[in-house]
Amino acid sequence: MPYEILEHTADAGVRGIGSTLEEAFREAARATFSLMVDLPQVKPKQTVKLEVEADTLEGLLVAFLGELLARRDIEGLVFSDFRVRIEGGERRWRLAGEAYGEPLDPARHRPRVEVKAATYFGVEVRREGDRWIAQCVLDL
Amino acid sequence: MELKKVSDWEWELPKSGDMRVPGWIFASEAILKPLLDQKGHEWNALEQVKNVASLPGIVKASIAMPDVHPGYGFPIGGVAAFDPEEGVVAMGGVGFDINCGVRVLATPLSREDIEAKKEEVADRLFSHVPAGLGSTGKLKLTERGIDEVLRKGAYFALERGYGVPEDLAYIEEGGRMEGADPDAVSFKAKQRQFKQVGTLGSGNHYLEVQYVEEIYDREAAAAYGLEEGQILIAIHCGSRALGHQIGQDSLQELERASKKYGIPIRERELVCAPIRSPEGQKYLSAVFAGINCAFANRQVIAHLVREALAPTFGLPFEKIRTLYDVGHNNVKFERHKVNGEERELLVHRKGSTRAFGPGRPENPEPYRRVGHPIFVGGTMGTSSYILRGTEKGMDRVWGSGVHGAGRAMSRAKAKRTWRGERLIRELGQRGIVVRAHSLAGAAEEAPGAYKDVDLVVEAAVGAGLNAKVARVRPLVCIKG
C-alpha cells in the first residue's frame, strides 16, 4: 500500500510511503485527496505548478499539502496525481512540482469530507530501511 | 499525571515544571476516564492543558471545559486568558477554523408546522444553502469585496441585502469585530474565499431544524422568547477557507516569533508571539478579520435559510429572528475581574463558546438580566441544549461555555461501522430527515461516533459554569 489513512479521533492522518522522498510526498498528497474524493475517478486533465519552501522536511510536507488545499479552493480543482522534486538540506528545503487533476464533478467524484488544513501534529518525514515515510494529521 | 479532586465536577492539575499556573479541569469522573488512560488516544489533552499553563503571561489557570479532548496545541474545550502586557497570543488557542460558531434562528413555527412539510423543508434547505466539498456561494467576490467582508463582518452581508437590521444586535460584537486588518491577511487566504462566502462547509458543520422539547428555566426562556414545541434553526459553520489559510500562514510566522522571543515551543501548533510584539499584533489583526469573515458567512446563510423557508410558511423574513450568534474558536480582549479587580485580558477560547453571565453589557439588552444563551450541539440523532452564562462561569472560566459533544470514534472507524444510506434511513424512521451531500460524510457523523452530550451538559451545569435553559431535538438535518 503506497499510502495509508491513520486513525485519529476528530480528524485523520495520512501516511505516504515510497522508495524515494519524492514518492512519499506524492503518496501523502494522494492520501489527502483520497479523503475528499473517489481518487481513481479524478482524471489528470489539468496541470497546476507548485513551489513551496520550508526550514525543515516536516515543514515542507505541511506546506506542500497546505498549498494543494489552497489550489483546490482557488482553482476549483481536485487532484489525483503529483510529481515533485525536492532539493535542499540543513535549514532550507524547496519543493517544485506539478499537481494533476480536474474540476470537481460531484456526480463522478463522490465528494467526501473537506480537508481544512495540514497540521504539524504527528508530522514525520523519515527513512525506514529502503523506504521513505511522510506523514501528518489533517484538520477536517 | 496526578490530578487533585476539588469536587465531583472539578479537578486540579497542580503546578509543576514549567507551569506558571495550575490546570483546572471541569469534568465528571466519566468524562475524565479516557483522558487519564495513557494507552488511549485522549491523554494528550491533559498534556496540552499543561503546555498552555506554561505560556508567558497566563492568568489564574489553564482551563479545560467538560467537552475537553485533544486538539492542536490547545485542547479542544481549552480556555486561557493572558495579561495584555506580559502575555502571548497563541495560534493553537484559535485553531484553523477561526470563529467557527453557531447562529440560532428562532421561528414562530411549531413542530406540527414542520412535521406536515418535513420533506419539502429538507429539500428546500438542501438545495438553497451551498454545502459540502467544492461548493460555492452566490456571492463571487474579488479582493476588494473580501477586504470589505473582513472589515465589516455581518454588516457587509446586510449591506448586500442579506438579512434584516435586527440581526446585528444579537451577534457577538454586533457582527463586526473591531481591529480587523485585511492587510494582515495573505492574498492567498482572500483568494481561497472569493467563492466561499455563504457556504456551510463539511465535516461536523451542519444546518439543523429543531423543536424545543423541554424548558428548564422559564425566566431565561421567556427572555430568549422560547416556548415548548417551537422551531429553531441552528447553523454551525465558521470562516471557511480564509480562516484555514490564516491558520496555515501563521504556523510558520509564529514559529519564527516564538524562537525570536525565546518562548519554548512545546507543540508545533502552540506557537505564539507576545501580544505587544509586531508579530502578535499582526496575527491578532488577521484573526479579527477572520472573525468577521465567519460573521458574514453565517449572516448570508441565515438569509438563505429565510429565503428557503419563509415562502413555504408565508412568513415575513423578520419573523425568523436571530436568537444569537456566537463563535467557539476565538481570541479577544475582554474585561474580567481578577482577585476583585477589573482588568483587560486576552481570552482564548478553542472549542468553547463565550457565555457571559447576567449583567454583562456585551449581552444583548433583552438577555442582559439572565445571561447570554449558548447552544451545545449534540448529533444528528440526539438532543442539543440551550444553556446560559452564569455568575460562577464569569468567576471561574472567564464566562465560557461548553460547545458540543465531541467525537468518541475516528472517522475511519465510523465509516467501517455505519453505511451512510442505512443510517439516513434509520434516522428517517425516527422522524429525523437527513440530507447529505456525501453519504460517506454522513456515516462519519453517525450519532454513535460522538460522546454523550448529556454528560457534557451535566458536568457544565454541575460545576455551575453554565445553566440549563432548554433541550431541543432535531427534525431536519443538512450535512455537507
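Everything quoted here is computed from the prediction, not taken from an experiment. Lettering of chains follows the sequences in order, A, B, ..., and the numbering in each one begins at 1.
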Is it the case that the side chain of B/Ser202 and the backbone of A/Val113 share a donor-acceptor pair, with hydrogens and angles ignored and the cut-off at 3.5 Å? no

Could you check whether atom CD of A/Glu90 has more than 12 heavy atoms from other residues, nucleotides or ligands sitting under 6.0 Å from it? no

Is it true that, when you exclude B/Arg419 itself, more than 12 heavy atoms of the residues, nucleotides or ligands shown sit nearer than 6.0 Å to its CZ? no

Which answer fits A/Ala117, side chain, backbone, both or neither, if we ask what part of it has an atom under 4.5 Å from a heavy atom of chain B? both

Using non-hydrogen atoms only, which part of A/Ile74 is less than 4.5 Å away from chain B: side chain, backbone, both, or neither? both

Return the CD to OH distance between B/Glu255 and A/Tyr120, rounded to the nearest 0.5 Å. 5.5 Å

When the 4.5 angstrom heavy-atom criterion is applied to A/Val62 and chain B, the contacting part is both

So which part of A/Arg110 gets closer than 4.5 Å to some heavy atom of chain B, the side chain, the backbone, both or neither? neither

Are there over 12 heavy-atom neighbours, none belonging to A/Lys49, within less than 6.0 Å of that residue's NZ? no

Once you measure the plane-to-plane angle for B/Tyr72 and A/Phe121, does it fall in the parallel (<30°), tilted (30-60°) or perpendicular (>60°) bin? perpendicular

Is the shortest side-chain N to carboxylate O distance from A/Glu67 to B/Lys188 below 4.0 Å? yes

B/Gln196, B/His437, B/Glu445: which one forms the most heavy-atom pairs within less than 4.5 Å of chain A? B/Gln196

Say you draw a straight line from CD of B/Gln245 to CG of A/Leu69; how long is it, rounded to the nearest 0.5 Å? 8.5 Å

If every non-hydrogen atom of B/Arg192 is compared with every non-hydrogen atom of A/Lys116, which pair is closest and at what distance? NH2-O, 4.0 Å

Please indicate whether A/Arg126 has more than 12 foreign heavy atoms, meaning atoms of other residues, nucleotides or ligands, lying under 6.0 Å from its CZ. yes

Sort B/Gln193 into side chain, backbone, both or neither according to what part of it lies under 4.5 angstrom from a heavy atom of chain A. neither

With chain B as the partner, which of A/Leu104, A/Thr119, A/Val123 has the greatest number of non-hydrogen pairs under 4.5 Å? A/Thr119

Working to the nearest 0.5 angstrom, can you tell me the gap between B/Leu133 CG and A/Arg72 CZ? 6.0 Å

B/Arg240/A/Glu114 salt bridge by N-O under 4.0 Å criterion: yes

So how far is it from B/Thr136 OG1 to A/Asp73 CG, rounded to the nearest 0.5 Å? 11.0 Å

Side chain / backbone / both / neither for B/Gln248 at chain A, heavy atoms under 4.5 Å: side chain

At a heavy-atom separation under 4.5 Å, does B/Ala189 approach chain A through its side chain, its backbone, both, or neither? neither

For B/Asp249, which atoms come within 4.5 Å of any heavy atom of chain A: side chain, backbone, both, or neither? neither

CZ (A/Arg83) with more than 12 external heavy atoms under 6.0 Å: no

Which one wins on heavy-atom pair count under 4.5 Å against chain B: A/Ile5, A/Asp55, A/Asp11? A/Asp11

How many angstroms lie between CZ in A/Arg112 and OG in B/Ser438, if you round to the nearest 0.5 Å? 7.5 Å

Engaged part of B/Lys195 at the chain A interface, taking heavy atoms whose separation is under 4.5 Å: side chain

Have a look at A/Glu7 and tell me which of B/Arg407, B/Arg411, B/Arg416, B/Lys415 forms a salt bridge (Lys or Arg N to Asp or Glu O under 4.0 Å) with it. B/Arg416

Nearest 0.5 Å please: distance from the CD atom of B/Glu269 over to the CG atom of A/Asp139. 9.0 Å

Looking at every non-hydrogen atom in both residues, tell me the closest pair between A/Ala118 and B/Phe96 and how far apart they are. O-CZ, 4.0 Å

Greater than 12 external heavy atoms within 6.0 Å of A/Glu53's CD: yes

